[in-house]
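See structure below.
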Amino acid sequence: MGEQPIFSTRAHVFQIDPGTKKNWVPTSKHAVTVSYFYDSTRNVYRIISLDGSKAIINSTITPNMTFTKTSQKFGQWADSRANTVYGLGFSSESHLVKFADKFAEFKEAARLAKEKSQEKTELTSTPSQESAPGDLQSPLTSESINGTDDERVRPETPQHPEPRAEPSQNALPFSHSSSSINKHWEAELAALKGNNAKLTAALLESTANVKQWKQQLAAYQEEAERLHKRVTELECVSGQTTVIKSHKTELNQTIEELELALKAKEEELEQLKAEMESANEFQAQKVSLTHKLQDTEMRNQVLEAQLGDLEQRLESSQLEREAFRKSLRSLLELLDSKIFELTELRDTLAKLLEGS
């Protein structure tokens, strides 16, 4: 399987000055990835850090090593094989504590592995061979140890919207109900248009603010890096005076304030991203409501056409009914006249019968 990274973090790397054995010499211009590696073939743990393609740390952990925390954000350990002392400067105390805990854990694992190898050596009476400290079993690149445990992000699970119940098309709504529905959709569309305009203006303003904040973040990062270097130089200088110590305290406070400002800006950026996502959702709702309004207007037109046809049919039926009534009246008048004539004829015939 070869060597595999089992824990990674970022820190500024230093080595003790080989001449004076007192001052620290920075080996990286900025914070780099420092990783614990486990070699399963040789059962050893190593600390490795790359600056580009250059290995600035290649230290095999042994049971005799000790990681010492010299300050809240700085720690060191001595490597007798490399004949040097390594120092790491972290951005926070929590990263230092986590690195120290991993060092103690892997140191204990190295001790147990050494005891097991000694027991096997006593049983088989075969001398073990230790590999050279600079021997790399597998090629290492900056991509193989890139990333830390804190920077891994789980992919978000997409959520499907719940389907809405559509109105029945078999019912025949009246013109009053269709007009009320039309007014309802128009009012909702107008409200969405107003919200969309406000969100668009806020989005443009937030975009401009994001650009400005990115420039400020870059300036803060440069200032923080410069202050880190200054603090490192002040720590490396021997015989520090009280004035330098006070400057160091002020610079540390400034760095903490800048880190808090960076965190605040990052939180604001996250809020702006959330607002942009909500604006996109409102835009999608606006498009959906626009389509629904168009469908409602088309249905309203069809209903109005059907209503006009029914009104024409009703008017024609009323005209026919009126003509039928007129014809009935004329027939009744004619019948009345005929009945009157027959009555007169009957009376005449009756008189004739009485006279005869």
Side-chain angles (χ1 to χ4, degrees), residues 155-208 271-356:
E156 295 182 357
T157 304
Q159 297 180 355
H160 301 283
E162 296 181 0
R164 293 184 179 179
E166 294 293 332
S168 175
Q169 297 181 358
N170 297 326
L172 184 62
F174 294 95
S175 61
H176 177 70
S177 61
S178 63
S179 62
S180 64
I181 294 172
N182 191 11
K183 290 180 180 179
H184 171 71
W185 287 117
E186 286 178 354
E188 192 168 0
L189 181 61
L192 284 173
K193 284 182 179 179
N195 292 332
N196 187 33
K198 293 179 181 179
L199 288 172
T200 303
L203 185 61
L204 293 174
E205 184 179 0
S206 64
T207 304
Q271 292 178 357
L272 289 175
K273 288 180 181 178
E275 291 179 359
M276 291 175 67
E277 291 178 357
S278 63
N280 293 332
E281 292 178 358
F282 278 118
Q283 184 69 23
Q285 291 180 0
K286 173 190 172 184
V287 173
S288 175
L289 290 174
T290 303
H291 291 165
K292 289 182 180 180
L293 180 61
Q294 292 176 355
D295 294 339
T296 304
E297 289 177 350
M298 292 177 65
R299 291 178 183 176
N300 191 18
Q301 291 177 0
V302 172
L303 291 175
E304 287 178 354
Q306 292 178 357
L307 182 61
D309 189 14
L310 290 174
E311 289 176 351
Q312 289 179 359
R313 290 181 182 179
L314 180 62
E315 186 177 358
S316 62
S317 65
Q318 288 178 352
L319 292 174
E320 291 176 357
R321 188 175 179 182
E322 188 68 25
F324 182 70
R325 284 181 179 179
K326 288 181 180 180
S327 62
L328 285 177
R329 286 176 183 173
S330 61
L331 287 174
L332 287 173
E333 291 176 356
L334 181 61
L335 184 60
D336 290 337
S337 64
K338 294 297 184 182
I339 290 172
F340 182 74
E341 290 177 358
L342 287 173
T343 302
E344 289 181 351
L345 180 60
R346 179 181 175 282
D347 293 337
T348 304
L349 290 176
K351 288 178 180 182
L352 289 175
L353 287 174
E354 289 177 357
S356 63

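Counting from 1, the numbers follow the sequence of the chain as shown. Here the structure is a predicted model, which is why all the values come from computation and not from measurement.
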Inset, instruction - Determine, for Arg313 against Asp309, whether the closest basic-nitrogen to carboxylate-oxygen distance falls under 4.0 angstrom. - result: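 Salt bridge: yes.
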Inset, instruction - Could you check if a side-chain atom of Met298 sits within less than 4.5 angstrom of a side-chain atom of Val302, using non-hydrogen atoms only? - result: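 A side-chain contact under 4.5 Å is absent here.
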Inset, instruction - Taking the side chain as every heavy atom from C-beta outward, state whether Leu310 and Leu314 have any pair of such atoms under 4.5 Å apart. - result: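 When only atoms from C-beta onward are counted, Leu314 and Leu310 do not touch, as no gap falls below 4.5 Å.
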Report the distance from atom [atom1] of [X] to atom [atom2] of [Y], rounding to the nearest 0.5 Å.
X      : Y      : atom1 : atom2 : answer
Leu319 : Ser317 : CG    : OG    : 8.0 Å
Ser327 : Glu322 : OG    : CD    : 10.0 Å
Leu335 : Lys338 : CG    : NZ    : 10.0 Å
Gln312 : Glu315 : CD    : CD    : 8.0 Å
Leu307 : Glu304 : CG    : CD    : 8.0 Å
Glu277 : Lys273 : CD    : NZ    : 9.0 Å

Legend entry - Donor-acceptor contact below 3.5 Å, side chain Thr290 vs main chain Lys286: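 At least one qualifying donor-acceptor pair exists.
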Inset, instruction - Please check if atom CD in Glu341 has more than 12 non-hydrogen atoms from other residues, nucleotides or ligands closer than 6.0 Å. - result: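 Above 12, so yes.
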Legend entry - Residues that Gln285 engages under side-chain hydrogen bond (donor to acceptor under 3.5 Å, both in side chains), provided they are two or more places apart: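 Per chain and number, Gln285 pairs via side-chain hydrogen bond (donor to acceptor under 3.5 Å, both in side chains) with no residue.
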